*Asks:* 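Take a look at this one; I'll ask things after.
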4 protein chains.
Amino acid sequence: MPIKAVVWGENVHERENAVVAEIYPDGMHAAIAAALNEDDAISATTATLQEPEHGLTAERLADTDVLLWWGHAAHGDVSDEVVERVAEAVWSGMGLICLHSAHFAKIFKRLMGTPCNLTWREAGERERLWLTSRNHPIARGLPDHFELENEEMYGEPFGIPEPMETVFVSWFEGGEVFRSGATWRRGAGNVFYFRPGHETYPTYFDPNVRTVLRNAVHWANNPAARVQGVTDAPNVPVETALEPITERGPKLHADGEEGFR
Amino acid sequence: MPIKAVVWGENVHERENAVVAEIYPDGMHAAIAAALNEDDAISATTATLQEPEHGLTAERLADTDVLLWWGHAAHGDVSDEVVERVAEAVWSGMGLICLHSAHFAKIFKRLMGTPCNLTWREAGERERLWLTSRNHPIARGLPDHFELENEEMYGEPFGIPEPMETVFVSWFEGGEVFRSGATWRRGAGNVFYFRPGHETYPTYFDPNVRTVLRNAVHWANNPAARVQGVTDAPNVPVETALEPITERGPKLHADGEEGFR
Amino acid sequence: MPIKAVVWGENVHERENAVVAEIYPDGMHAAIAAALNEDDAISATTATLQEPEHGLTAERLADTDVLLWWGHAAHGDVSDEVVERVAEAVWSGMGLICLHSAHFAKIFKRLMGTPCNLTWREAGERERLWLTSRNHPIARGLPDHFELENEEMYGEPFGIPEPMETVFVSWFEGGEVFRSGATWRRGAGNVFYFRPGHETYPTYFDPNVRTVLRNAVHWANNPAARVQGVTDAPNVPVETALEPITERGPKLHADGEEGFR
Amino acid sequence: MPIKAVVWGENVHERENAVVAEIYPDGMHAAIAAALNEDDAISATTATLQEPEHGLTAERLADTDVLLWWGHAAHGDVSDEVVERVAEAVWSGMGLICLHSAHFAKIFKRLMGTPCNLTWREAGERERLWLTSRNHPIARGLPDHFELENEEMYGEPFGIPEPMETVFVSWFEGGEVFRSGATWRRGAGNVFYFRPGHETYPTYFDPNVRTVLRNAVHWANNPAARVQGVTDAPNVPVETALEPITERGPKLHADGEEGFR
């Protein structure tokens, strides 16, 4: 059974900006989904900001193995409720891939616990991505470096927690560097951030970028059943302790009481 | 100049529960601050939930090197504005030490990006903390293990991101284990979680626990000046690029424009 | 095509000690391989210390996806040349799973860069393994805890580098704890250490342990082609630099010279 | 009491090569030690390959808080016995800072457990180091980036284990990037690798580089007493178990017997 990927697109620039619309006439999300669907082991669909609940109902998320997220101009329009729903899905095992300007998406900042800020310049300069972890599953089939002739620059310091693994580091023509591919685990969910993908360049048609996207979906997929009650903090009564113990000392909580949250 | 520590106490149980009041007549925060002040290199004061802005004004935080946090029954009463202020202080370099039930404090969950849940049992059972990182600065002067005869049990799985370092792991009489001491870095701020400290037991009078608290303040202190504009994402104009570049390709942003957030 | 696993067994106790021989009449390696072969997606064979080159020729390693290692009494008899060969295979992408007393195997210490020491007691006491990373691929299908009624105790502090992920922590009847399942990446190779498996107990017949072994083989497998020249440090001549540069300043090395190692 | 730093220099190029001798007439180790001694809180001396036991007797190491290591042409001449002695000192709490070509020093490879390889080019090109961890103690007082006008290039992929923290990433004029500053913990010892420092350029006279060196000594220093018996794996007899247990099941080891190593 193929991995079920959902590509979430903000879907604003491609409708409002002629340059972007020409590159991505069906929307950036459609181009990304098409890249994924070149792999028979992936079945990718799309969701957008403008749909009810941004296309991310509880039912949809429960049936999603890996969610990809592209947002930029409308981060603030994403409902906090949907963000929490996505976070909980990640904790329970859904993979999440945040793309380019999604470094400032609510869901990415929510899961990182840091500002996720950076420096930037939109000058169509050359970016060269270097592998820092050869043969990492996300880098499978890639050379030790590859180039994007025109990209927006993102520069360090990048306000993220230390990654579990740094997979790519970018060199920019104007003199900056950036940790362009990095992984984290949040609960049972695998999280990957991938830098390239500015809306005014045809980045998502680049063969190496498309390889990374497909690889990342495979890497992020956790085939285990979702963790149930992933935020629960259950009381373990004395009577059912795994080793026999006798209750001692004063207590605050009455028996069977719920804990404070 | 001593390290300026602020011990934040929820200050609810000690005013409402006779058992807790007897153990901590001046409040838990006062007992913790007293432990810190036994070290001439630390100057500890206190702040409580009930004070205006919970005692954590911008001025106070700007003058705090390390904040310690004990909360339990009233996590929900902490203002979101103060939580964001504390988060920003941490990112810019303030140390943060979260104690016991503060695993569910808003500020801890905010910085971790995970549920921070666990299992628990209030039975006054024996806890034995084992060092997993000998001679870690936080464990300086401690034996390889020490015991607390009566403590609340917290059990794995503990819903945290993989720590930068795991310093202590606890054994419980009733059969559970727990990662009782763990570190993370968030921006320029050092974060430490330390498990023991249930309100109905005299844990904060235990000499080994007090040693951990003092060590942790030294470890968490970042003597560098605070990072200014820690959430800023500045544009770097083409004209001031470190290497000479020529602007190419289409642009979305006008010159000097602020980025989307 | 199934994952090719090789179970390396020291094969000493089972030939010299009646107790071990009775539990593992065909050797511990055979029991472990049988557990793996219950999974159609794994094809497991064995190799032992007593074979020429310990059964680990360059050809064999080149054709091995994941190597499992059980050793104890004869760590010192393993040839340093074979250890280096295995290390290089790991760096280039072969998975490695070190079992129980293999914490002191030359290959494990070689890859960790630390003493890998611990405390121990052979008393047939109860061990309870707790998940610290729910739904980690290695823990797939397991409950939050499981027990082994008789095991050797290994206790903290365990002299390992901070793991990439801590998957299991053990509770012991006699009062100790231990990080029983931990992962690292070394080059392109995934490394997993799994604690249980003392030779005088039937641990490798335990269903949960067998599940961990199979899961770990899937997790450790890196399907990418091996990295070639994994220890090479190639010179990049000025003439072939990716960006045009002019040689400046004094030089130590003549053109095309090999670097010092 | 100042931190006792020892700067170990291979001391070959400066005696055999006129270019290096002119830049570093007293040896590179002397220049590095002078940089450290500008800080009253550090007391730095030197040791060289040519001294008996390379200047690193057990007594010397026992009295060293932080060891800095510069080697290149003569890695192979360093005695394996001294390497093991240094490794054990690190595990027990001595800090270690490996500089530039010491990526291939026996001691660095020994502690990393990986090939530590990279790509390189000696063309006097521009290197720009970017902070990836603002206000990290090692980066205290530094701007977000600084430049070295002439340096040897080291390029990714760099064959190291994932760092505990990545502190600097370098940009090179010829198109490469490199993780130029990275930390690890090995036992109780803090390890830092810092890339710059090619022998034919006056890198160790650069003010920012000197700041990094001094900061790194402070960061690497572990003021706790050394861990004794850091490689011991003691048996814990049943009679002295922390919780009362009864011996059960068959045994391999006789009482009080040493474990296998």
Side-chain angles (χ1 to χ4, degrees), chain C residues 13 17 19-20 72-76 87 91 101 104 110-115 117-125 150 153 155 159 161-162 164 173-176 184-187 199-201 230-238 241-243 245-253 259-261, chain D residues 13 17 19-20 72-76 87 91 101 104 110-115 117-125 150 153 155 159 161-162 164 173-176 184-187 199-201 230-238 241-243 245-253 259-261:
Chain C
H13 296 309
N17 181 291
V19 169
V20 183
H72 185 211
H75 291 320
W91 299 334
S101 41
F104 261 163
R110 175 74 178 87
L111 294 171
M112 295 295 107
T114 54
N117 56 331
L118 43 76
T119 69
W120 61 282
R121 177 177 53 236
E122 193 191 18
E125 69 200 274
N150 296 105
M153 181 280 289
E162 190 72 28
M164 180 163 77
E173 201 181 346
E176 283 87 358
W184 299 265
R185 177 177 274 268
R186 287 292 180 266
E199 62 272 12
T200 60
Y201 316 119
V230 74
T231 67
D232 292 354
N235 179 253
V236 182
V238 172
L242 296 161
E243 302 289 328
I245 54 169
T246 308
E247 192 176 305
R248 295 183 289 167
K251 287 187 67 165
L252 192 80
H253 296 273
F260 297 109
R261 296 193 66 120
Chain D
H13 296 310
N17 182 290
V19 169
V20 183
H72 186 211
H75 291 319
W91 299 333
S101 41
F104 261 164
R110 175 73 178 87
L111 293 172
M112 295 294 106
T114 55
N117 56 330
L118 43 76
T119 71
W120 60 281
R121 178 176 54 237
E122 192 191 18
E125 69 200 271
N150 297 105
M153 181 281 287
E162 190 72 27
M164 181 163 76
E173 201 179 347
E176 283 87 357
W184 298 265
R185 179 177 272 267
R186 287 293 179 265
E199 61 272 12
T200 61
Y201 316 120
V230 72
T231 66
D232 291 354
N235 178 255
V236 182
V238 172
L242 296 160
E243 302 289 329
I245 54 169
T246 307
E247 194 177 305
R248 295 184 288 168
K251 287 187 69 165
L252 192 78
H253 296 275
F260 297 109
R261 296 194 66 120

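Because only heavy atoms are used, hydrogens play no part in the values below, and waters and symmetry mates are left out as well, while side chains stay in. Numbered from 1 within each chain, the chains take letters A, B, ... in sequence-line order. All values derive from a computational prediction rather than experimental measurement.
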*Asks:* I need the residue from D:Leu242, D:Val236, D:Thr119 with the largest number of non-hydrogen atom pairs under 4.5 Å to chain C.
*Replies:* D:Val236
*Asks:* Name the region of D:Ser101, side chain, backbone, both or neither, that has any atom closer than 4.5 Å to a heavy atom of chain C.
*Replies:* neither
*Asks:* If you count heavy-atom pairs under 4.5 Å between each of D:Gly175, D:Pro234, D:Gly249 and chain C, which one has the most?
*Replies:* D:Pro234
*Asks:* D:Met153 versus chain C, heavy atoms under 4.5 Å apart: side chain, backbone, both or neither?
*Replies:* side chain
*Asks:* Where the side chain of C:Arg186 meets the backbone of D:Thr114, is there a donor-acceptor pair that is under 3.5 Å apart?
*Replies:* no
*Asks:* Using a 4.5 angstrom heavy-atom cutoff, name the option from C:Ala87, C:Gly124, C:Gly159 with the most pairs to chain D.
*Replies:* C:Gly124
*Asks:* Any donor and acceptor pair, going by atom type alone, linking the side chain of D:Asn150 with main-chain N or O of D:Glu125 inside 3.5 Å?
*Replies:* no
*Asks:* Given the options C:Arg110, C:Glu176, C:His72, which has more heavy-atom pairs under 4.5 Å with chain D than any of the others?
*Replies:* C:His72
*Asks:* How close do C:Glu122 and D:Pro250 get, counting heavy atoms only, and between which atoms?
*Replies:* OE2-O, 4.4 Å
*Asks:* Heavy-atom distances under 4.5 Å only: say whether D:Val238 touches chain C with side chain, backbone, both or neither.
*Replies:* both
*Asks:* Hey, is the main chain of C:Arg185 close enough, under 3.5 Å, to the side chain of D:Glu162 for a donor-acceptor pair?
*Replies:* no
*Asks:* For D:Asn17 and C:Leu252, work out which heavy atoms get closest and say how close.
*Replies:* ND2-CD1, 3.1 Å
*Asks:* Look at the side chain of D:Asn117 and the backbone N and O of C:Asp232, then say whether any donor-acceptor pair between them is shorter than 3.5 Å.
*Replies:* yes
